Number of protein chains: 2
Amino acid sequence: MNTLAYGLLGLVAKMPSSGYDLMLQLQPFWQAKHSQIYPLLAKLEQEDYLEFTRVLQTDRPDKKVYSITDKGRAALREWLARPTGEPVFRDELSLKAYCLWLTDRATARKLFEEREELNQEHLSMYENFLAELEQACEGRPENPSSPYFGEYILLTRAVNSIREELNWCRWVIGMLDKQS
Amino acid sequence: MNTLAYGLLGLVAKMPSSGYDLMLQLQPFWQAKHSQIYPLLAKLEQEDYLEFTRVLQTDRPDKKVYSITDKGRAALREWLARPTGEPVFRDELSLKAYCLWLTDRATARKLFEEREELNQEHLSMYENFLAELEQACEGRPENPSSPYFGEYILLTRAVNSIREELNWCRWVIGMLDKQS
DNA sequence: CTGGTCATGTAATGAGTTACATGATTGA
DNA sequence: TCAATCATGTAACTCATTACATGACCAG
């Protein structure tokens, strides 16, 4: 049972979903490809943390909809109380920033402009998610008992940190522009 | 040649260092264990991106001090101009936040208090790094031509984002405390 | 008719962690 | 005397990405 496995249990615990669906839902918080998810789901099902029913669809491919078992829910509760691993952040841009002095202004500038753009896209995406959430739960996501609370605080953090990185990019570009 | 390899080249390009030293320098921006670094350095040396001299020490174990070759510097410059991979952030706390509704207030609270503490530690550490850097380069790290510029902008980003996550933790704890 | 989404899977490879291995010095 | 730091390496394992494989539907 690794972290990704608990992540999947956590999503399924809230709402039964297909592997494909879980992959999409998970993206913002834990990047994993379908090739990692499908085998894991099969394993979790074999070990009775999850169960699935095959849902037949006419217009699209059939799907397996997984739901959580009592054993799965118990495992989740136990996991929540166990020590949390430290976060891992790996950003190629940091490593490039370290050797900016080796290159010219134009190349350097481009690096941060691309990241600025990426952040701009992410920002509007997450702002939309947050707005949708606030609609969905009739304005009380700040209540820690609400099932939306977790998503609410996560989206808030995401929006804040993206906004900040965006400002950081602009600050760096500003310095790169000054011919000093 | 993967991202870590370029990261090592980038550090060595600025200052010749031992594998052990590189591991420590790299920690803030790219977490990698010595068991990953040593074999990579050996490979980079075999392929003439790096070269090393064995430095004998009396009080401590001898070390291999790596420095960059012309081929290594050329590879770095080329890498800087190539498209940058998207950052990867994996935080177990996000996944736990998602299923907070499954557990009690006390467990939830502890989760964020622990992260708050971690951020507090990181914050003072990075603030010190930044202060040291500002001393080291006699107050002009904002000059993009300075070899300190890269480190300066990275440390600034680190301090900002840690400070923000710290505030986020406190905000969440505040909500958890309100008996709503 | 081409490319995107939905849908699930396996195989091969690469990246990263943990454990094994050694050994001197220094500070609590 | 116990743990930490410095210093380098290998072996086994797990985790993650890329590539291989299939196939229907829909929009431009």
Side-chain angles (χ1 to χ4, degrees), chain A residues 1-8 11-12 16-27 29-47 50-66 83-92 95 125, chain B residues 1-9 11-12 16-27 29-47 50 52-66 83-92 95 125:
Chain A
M1 292 288 289
N2 57 25
T3 308
L4 178 57
Y6 287 108
L8 291 170
L11 289 181
V12 172
S17 316
S18 67
Y20 188 82
D21 207 14
L22 289 167
M23 176 194 60
L24 295 180
Q25 286 179 252
L26 207 57
Q27 285 319 297
F29 311 113
W30 196 279
Q31 297 75 45
K33 317 277 167 177
H34 71 277
S35 53
Q36 200 180 3
I37 290 174
Y38 290 126
L40 233 190
L41 286 172
K43 201 193 125 206
L44 291 171
E45 190 266 332
Q46 268 171 35
E47 294 174 12
L50 294 177
E51 53 193 17
F52 72 88
T53 45
R54 192 172 287 278
V55 173
L56 306 169
Q57 299 181 119
T58 50
D59 52 334
R60 336 181 137 186
D62 301 346
K63 59 182 176 179
K64 288 180 171 182
V65 172
Y66 288 87
T84 307
E86 289 202 17
V88 171
F89 301 139
R90 284 200 185 92
D91 186 357
E92 193 174 1
L95 301 182
M125 194 173 72
Chain B
M1 290 289 288
N2 58 24
T3 309
L4 178 57
Y6 287 108
L8 290 170
L9 289 186
L11 289 180
V12 172
S17 316
S18 65
Y20 187 81
D21 206 15
L22 289 167
M23 176 194 59
L24 295 180
Q25 286 179 249
L26 207 56
Q27 284 318 298
F29 311 113
W30 196 280
Q31 297 74 45
K33 316 280 166 172
H34 71 276
S35 53
Q36 198 180 5
I37 290 174
Y38 289 126
L40 232 191
L41 286 172
K43 201 193 124 205
L44 291 170
E45 189 266 332
Q46 268 172 35
E47 293 172 14
L50 293 177
F52 73 89
T53 46
R54 191 173 286 279
V55 174
L56 306 170
Q57 298 181 119
T58 50
D59 52 334
R60 333 182 139 185
D62 299 347
K63 59 181 175 179
K64 289 179 170 184
V65 171
Y66 288 88
T84 307
E86 289 202 18
V88 171
F89 302 139
R90 284 199 184 95
D91 187 356
E92 194 176 358
L95 301 183
M125 193 173 72

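All chains are named by letter (A, B, ...) in the order of the sequence lines, taking the proteins before the strands, and each is independently numbered beginning at 1. Since this is a predicted model, take the numbers as computed values, not measurements.
Within the nucleic acid shown, B/Ser18 comes within 4.0 Å of sugar-phosphate atoms alone, with no base atom in reach, counting heavy atoms only. Looking at heavy-atom distances under 4.0 Å, B/Lys33 makes contact with a base. If you check every strand for non-hydrogen atoms under 4.0 Å, A/Asn2 touches sugar and phosphate atoms only. Nucleic acid contact for A/Arg54: none, since no nucleic acid atom lies under 4.0 Å from a heavy atom of the residue.
Looking only at side-chain heavy atoms (C-beta outward), B/Leu4 and A/Leu95 stay at 4.5 Å or farther from each other. Side-chain contact between B/His34 and B/Tyr20 is absent, with no heavy atoms from C-beta onward closer than 4.5 Å. No side-chain heavy atom of B/Val88 sits under 4.5 Å from any side-chain heavy atom of A/Val88. Between B/Leu40 and B/Asn2, the closest side-chain pair of non-hydrogen atoms falls below 4.5 Å. Considering only heavy atoms from C-beta on, A/Lys64 stays 4.5 Å or farther from A/Leu41 through its side chain.
Counting heavy atoms of neighbouring residues, nucleotides and ligands inside a 6.0 Å radius, atom CD of A/Glu47 exceeds 12 of them.
Relative orientation of the A/Phe52 and A/Tyr66 rings is tilted, given thresholds of 30° and 60° on the angle between their planes.
Atoms CZ (B/Arg60) and P (D/dA7) sit 5 Å apart, rounded to a whole Å. Atom pair A/Gln31:CD and D/dT17:P shows a separation of 8 Å (rounding to whole Å applied). Counting to the nearest Å, the C1' atom of D/dT17 and the CD atom of B/Glu86 are 14 Å from each other. Atom-to-atom, CE of B/Met23 to C1' of D/dA7 comes out at 9 Å; the value is rounded to the nearest Å. The nearest whole Å value for the distance from the CD atom in A/Gln57 to the P atom in D/dA24 is 15 Å. Taking atom OH on B/Tyr38 and atom P on D/dA7, their separation rounds to 8 Å, with Å as the unit. Per the geometry, CG belonging to B/Leu24 stands 9 Å off P belonging to D/dA7, to the nearest Å. The distance between atom CG of A/Asp62 and atom P of D/dC25, rounded to the nearest whole Å, is 12 Å.
In terms of phosphate contacts, B/Lys64 brings no side-chain nitrogen or oxygen within less than 4.0 Å of OP1 or OP2 of D/dA7.
In summary, contact between chain B and DNA chain C, defined as any nucleotide atom under 4.0 Å from a heavy atom of the protein, begins and ends at C/dA15 to C/dT25 in the 5' to 3' direction.
Checking A/Asp59 against B/Tyr66, the closest nucleotide of DNA chain D that is more toward the 5' end is the one next to B/Tyr66. Taking the nucleotide of DNA chain D with the nearest heavy atom to each of B/Val88 and B/Asp21, the more 5' of the two is matched to B/Asp21.
When distances run from any side-chain atom of A/His34 to the nucleotides D/dA7, D/dA19, D/dA16, the shortest one goes to D/dA19.
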